[in-house]
Amino acid sequence: MITGIKGTRRFRRATAVAITSGALLTTGALTAAPAQAVTTPSIVAKGGYVMNNSTGTSLFTKAADTKRSTGSTTKIMTAKVVLAQSNLNLDATVTIKKEYSDYVVKNNASQAHLIVGDRVTVRQLLYGLMLPSGCDAAYALADKYGSGSTMSARVSNFIGKMNSAAKALKLKNTHFDSFDGIGKGTNYSTPRDLTKIASSAMKSANFRAIVKTKSYTAKTKTKTGSTRTMATWTNTNGLLSSYSGTIGVKTGSGPEAGYCLVFAATRNGKTVIGTVLSSTSIPNRESDAKKLLTYGFAK
């Protein structure tokens, strides 16, 4: 019994020494030189924003709440509104009207090269909208999912749904006057707002599947009922091929908008999402986005 007590005392002394040593080691660690802080990147774009997609925590801001023209990044909201329709049937078909074709020609707009008279599924239109950034596909979707007895009424109603969706997300610096980003002077958003729109859109499995697709070949139905194999649509988002973990989202450009990119990537189970607006070229918007993603993951 006495031996047991002595043993216990010895154990306590040894423990005390170990704890003291541990304390010294810990103190030593605390007084060591701090780890290199992550340097905030410098970007060419006039505006930028990055957040942790799961928590919504801001990781980077540069003129994040300044309203700017958004170009085709507007189409993120177009897709979001379509995918939010109740009883949505992605296999429903839309007949391509001459007006859609005339519109892209008149505006010299990016297009999916849809053929007048072809029957195209809603799913195919969404790929045509998001990969080659087809303004003809955007027009077809707005005409299909807006309410009204005329085409202009339906399109106007659809744009109203886009603005309602922005209000539902409590975005105060976003307004749409177009279904594709070819605005009439009041089509704008901010890096922070666009990132929130994209984050919300990415909750849809269909949206996620589309925006991470590098290329897609649609088979449409012609007027005579035969099958037409369309020229392959290639995603305009270069990050999908050049930045590991990229899962989307959408490019945009225009005389007023400059070069824009809404981007998202996942690494080690963490997703970083963000936006750059008004960069100076395609290589620069991609370089800006890569810097911000890398910085976001480091944070």
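- Taking the side chain as every heavy atom from C-beta outward, V94 and L125 approach each other to under 4.5 Å.
- Between S278 and R68 there is a side-chain heavy-atom pair separated by less than 4.5 Å.
- K270 is not listed as a side-chain neighbour of S54, based on a closest heavy-atom distance of 4.5 Å or more.
- Here the OG1 atom belonging to T78 is positioned 8.5 Å from the CZ atom belonging to F179, to the nearest 0.5 angstrom.
- Between K98 and D102, at least one side-chain nitrogen of the basic residue sits less than 4.0 Å from a carboxylate oxygen of the acidic one, meeting the salt-bridge criterion.
- Cluster membership check: L90 shares its hydrophobic cluster with L114, using side-chain heavy-atom separations under 4.5 Å among Ile, Leu, Val, Met, Phe, Trp and Tyr.
- Counting heavy atoms from C-beta on, the side chains of Y127 and T213 come closer than 4.5 Å.
- Annotation for K97: atom NZ counts as buried by contact number, over 12 foreign heavy atoms lying within 6.0 Å.
- Screening L171, T66, N173, T195 for a side chain to side chain contact (heavy atoms under 4.5 Å, CB included) with T190, the sole residue that qualifies is N173.
- Shown here is K46, whose NZ atom has no more than 12 heavy atoms of other residues, nucleotides or ligands within 6.0 Å.
- One finds no salt bridge joining D118 and K221 here, because no Lys/Arg side-chain nitrogen approaches an Asp/Glu carboxylate oxygen to under 4.0 Å.
- Tracing side-chain contacts under 4.5 Å through hydrophobic residues (I, L, V, M, F, W, Y), one never reaches V262 starting from L59; they form parts of separate clusters.
- Separation of the F158 and Y139 ring centroids does not fall under the 6.0 Å cut-off.
- Between M130 and I210, the shortest heavy-atom contact is CB-CG2, 3.7 Å.
- Looking only at distances, no side-chain donor or acceptor of S58 sits under 3.5 Å from a matching main-chain atom of F60.
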Worksheet item: How far apart are the C-alpha atoms of L129 and L141, what are their side-chain angles, what is the distance that settles it, and do they pass the side chain to side chain contact (heavy atoms under 4.5 Å, CB included) test?
Response: CA-CA 9 Å; L129 174 80; L141 289 165; 4.1 Å; yes

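- Between the side chain of N235 and the backbone N or O of S215, no donor-acceptor pair lies under 3.5 Å.
- Considering CG of L277 and OG1 of T275, their distance stands at 6.0 Å, rounded to 0.5 Å.
- Between F207 and A201, the shortest heavy-atom distance links the atoms CB-O, 3.4 Å.
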Worksheet item: Can you list the steps and then say if R154 with S147 is a side chain to side chain contact (heavy atoms under 4.5 Å, CB included)?
Response: CA-CA 5 Å; R154 288 189 292 274; S147 300; 5.8 Å; no

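- One N or O on the side chain of S164 and one on the backbone of G160 form a donor-acceptor pair closer than 3.5 Å.
- Side-chain contact between K250 and S133 is present, with at least one heavy-atom pair separated by less than 4.5 Å.
- The CG atom of N187 lies 12.5 Å from the NZ atom of K67; values are rounded to the nearest 0.5 Å.
- Judged purely by atom type and a 3.5 angstrom limit, R192 has no side-chain atom pairing as donor or acceptor with the backbone of Y49.
- In this structure the side chain of L83 reaches within 4.5 angstrom of the side chain of L126, judged on heavy atoms.
- Both Y145 and I159 are part of a single hydrophobic cluster, where members link through side-chain heavy atoms under 4.5 Å apart.
- At least one side-chain heavy atom of V120 sits less than 4.5 Å from a side-chain heavy atom of I96.
- Without hydrogens or angle criteria, T294 side chain to K290 main chain gives a donor-acceptor distance under 3.5 Å.
- Between the side chain of T74 and the backbone N or O of T70, no donor-acceptor pair lies under 3.5 Å.
- When atom types are taken as modelled, the side chain of D136 and the backbone of S101 share no donor-acceptor pair closer than 3.5 angstrom.
- In this structure, NZ in K291 is found 8.0 Å from CG in N284, a value given to the nearest 0.5 Å.
- Within the model, atoms OG1 of T236 and NZ of K214 stand 14.0 Å from one another, a figure rounded to the nearest 0.5 Å.
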Practice prompt. Apply the test side chain to side chain contact (heavy atoms under 4.5 Å, CB included) to residues M202 and V211: give CA-CA distance (whole Å), side-chain angles for both, the deciding distance (0.1 Å), then the verdict.
Written response: CA-CA 9 Å; M202 291 289 268; V211 297; 3.8 Å; yes

Worksheet entry | Test log, rule side chain to side chain contact (heavy atoms under 4.5 Å, CB included), inputs R228 and I115 | CA-CA 10 Å; R228 184 195 309 280; I115 311 290; 3.5 Å; yes

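- In this structure a side-chain-to-backbone donor-acceptor pair under 3.5 Å is missing from D288 to I43.
- Of the possible polar contacts, none joining the R285 side chain to the T251 backbone as a donor-acceptor pair under 3.5 Å is found.
- The residue from M77, K80, Q85 that alone fulfils the side chain to side chain contact (heavy atoms under 4.5 Å, CB included) condition with K161 is Q85.
- Counting heavy atoms from C-beta outward, P41 and Y295 have side chains that approach closer than 4.5 Å.
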Item to complete: Assess whether side chain to side chain donor-acceptor pair (under 3.5 Å) is satisfied between T229 and K219, documenting all intermediate values.
Response: CA-CA 4 Å; T229 302; K219 291 184 187 298; 3.2 Å; yes

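- Nearest heavy-atom pair across D193 and S189 is CB-OG, 3.3 Å.
- Under the 4.5 Å side-chain heavy-atom criterion for grouping Ile, Leu, Val, Met, Phe, Trp and Tyr, I197 is connected to V82 within one hydrophobic cluster.
- Note: the hydrophobic cluster containing L194 does not contain I282 (ILVMFWY, side chain heavy atoms under 4.5 Å, direct or indirect links).
- Nearest heavy-atom pair across L261 and A289 is CD2-CB, 3.8 Å.
- In terms of heavy atoms, V276 sits closest to F263 at N-CE2, 3.8 Å.
- Scanning both residues, D91 and T121, for their nearest heavy atoms gives O-CG2, 3.9 Å.
- Under 4.0 Å is where a charged nitrogen must lie from a carboxylate oxygen, and between D180 and K75 no such pair does.
- No cation-pi contact links R123 to Y216, judged by a cut-off of 6.0 Å to the six-membered ring centre and 45° from its axis.
- Between the side chain of T55 and the main chain of T57, a donor-acceptor pair closer than 3.5 Å is present.
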